[in-house]
Amino acid sequence: MRHPLCTDDKKSDMPEGPSTIILAEAIHQFKGKKILTAAGIADIDMDLLPGHKLTDIKTFGKNTLLCLPGNKTIRIHLMMFGSYEIDSEKDRKPKLCLTFANGYVCFYTCIVEWLEGNPDDFYDWSADIMHKKWSTAKAKKKLLEKPEAYICDTLLNQEIFAGVGNIIKNEGLFLGRIHPETKVGAIPAARLIKLINKTREYTFNFLKWKKAGELKKRWLVYTKKKCPVCDSPLEKKYTGTTKRRTFFCSNCQEKFK
DNA sequence: CCGGTTGTTCAGCG
DNA sequence: GCGCTGAACAACCG
């Protein structure tokens, strides 16, 4: 069964930050509940789980953090192909399956690992584009430390924009009207701020539209053929050192030199 | 059946 | 010992 919030696609997963929020919300029903059993093929000590309460569920970028007493945390990352099921199973061995009195959740094809210590020591929340503590100023500062980097690569850098994935990168660059192959150092400060703000704004729209099942029809450039502004053909290119698929309008998106 | 991908890690290099 | 990068990996769709 697919989570009712995920009506946009055939898969219940989706790896960018907003989808991680949807995952966290989907398992919120287990927060504060005791783990009854833990099983799966993940290479972790499952015996440490049963009997403990799931004290909190946090997210950092594309990571889902299952918090247990004593500063123990399980990190789950769906990567590109991960998925999860609630109160149902796939015809495949789960990496991790947790049961509670009120239901169970299974995670497939993902990273599952123990984090020892407080998540606050692992993660800088101000780098999470969806977090309350997000800091535009810090992101700008980190960008300015990489003047020679292509802007398309830096948007995928999880130390700067945790939660941003390739779709958000594409749409953010278009909304900020910046050419993906522009070097960071060439972008005027005001345009850099505009790009960051537009990207963040789009990330929250991504969440809203995905929940409403209308994410794909809201795409302006990702997988599109024509520019929604000037109607000229979009370019499709594997840009930057990350060589990730990028759709852009070389007419509307400015390339500073 | 094959090619492509919403992501990350790590071996191997300079 | 670093920083960079290409390869490897994963499941599912068209």
**Message:** Whether A:Glu113 and A:Arg75 form a salt bridge (side-chain N of Lys/Arg under 4.0 Å from carboxylate O of Asp/Glu) is what I want to check.
**Reply:** yes

**Prompt:** Given B:dG7, B:dT5, C:dG6, which nucleotide is nearest the side-chain atoms of A:His77?
**Reply:** B:dG7

**Complete:** Whole-Å distance, A:Lys243 NZ to C:dA7 P, equals 9 Å

**Request:** Could you check how far CE of A:Met80 sits from P of C:dC9, rounded to whole Å?
**Result:** 15 Å

**Request:** Kindly point out which of C:dT5, B:dT5, B:dT6 is positioned nearest to the side chain of A:Phe81?
**Result:** B:dT5

**Complete:** Side-chain contact check for A:Pro15: nearest option of B:dG4, B:dG7, C:dG6 is B:dG7

**Asked** In whole angstrom, what separates A:Gln158's CD from B:dT6's P?
**Response** 14 Å

**Request:** Find the distance A:Glu159:CD to C:dG3:P and express it as a whole number of Å.
**Result:** 11 Å

**Message:** Do the side chains of A:Glu25 and A:Lys211 get close enough for a salt bridge, i.e. N-O under 4.0 angstrom?
**Reply:** yes

**ring pair (Phe, Tyr, Trp, His ring centres under 6.0 Å) against A:Phe107, all qualifying residues, sequence neighbours excluded** = none

**Between C:dA10 (P) and A:Ile111 (CD1): distance, integer Å** = 13 Å

**Request:** Kindly indicate whether the side chain of A:Lys58, heavy atoms from C-beta on, has any atom under 4.5 Å from the side chain of A:Trp125.
**Result:** yes

**Request:** Tell me which nucleotide among B:dT5, B:dT6, B:dT8 gets nearest to the side chain of A:Lys62.
**Result:** B:dT8

**Prompt:** Would you say C:dC12 has OP1 or OP2 under 4.0 Å from some side-chain N or O of A:Lys90?
**Reply:** yes

**Distance in angstrom units between A:Ile168 CD1 and B:dG7 P, rounded** = 8 Å

**Request:** Ignoring backbone atoms, establish whether A:Arg92 has a side-chain N or O less than 4.0 Å from OP1 or OP2 of C:dA10.
**Result:** no

**Item:** Identified side-chain contact (heavy atoms from CB on, under 4.5 Å) counterpart of A:Leu68 within the set A:Leu49, A:Thr73, A:Leu48, A:Asp56
**Value:** A:Leu49

**Item:** Electrostatic pair A:Lys62-A:Glu16, nearest N-O below 4.0 angstrom
**Value:** no

**Message:** For Watson-Crick and G-U wobble pairs within 3.5 Å on both distances, what is DNA chain C written in dot-bracket notation, | included for inter-strand pairing?
**Reply:** .||||||||.||||

**Presence of A:Arg244 side-chain N/O under 4.0 Å of B:dT5 phosphate oxygens OP1/OP2** = no

**Message:** Between P on B:dG7 and CG on A:Leu155, what's the gap in Å once rounded to a whole number?
**Reply:** 12 Å

**Asked** OP1 or OP2 of C:dA10 less than 4.0 angstrom from a side-chain nitrogen or oxygen of A:Tyr108, does that happen here?
**Response** no

**Request:** Grab the CG-P distance between A:Asn157 and C:dC4 for me, whole Å please.
**Result:** 11 Å

**Item:** Geometric cation-pi criterion, A:Arg177 with A:Phe174: 6.0 Å, 45°
**Value:** yes

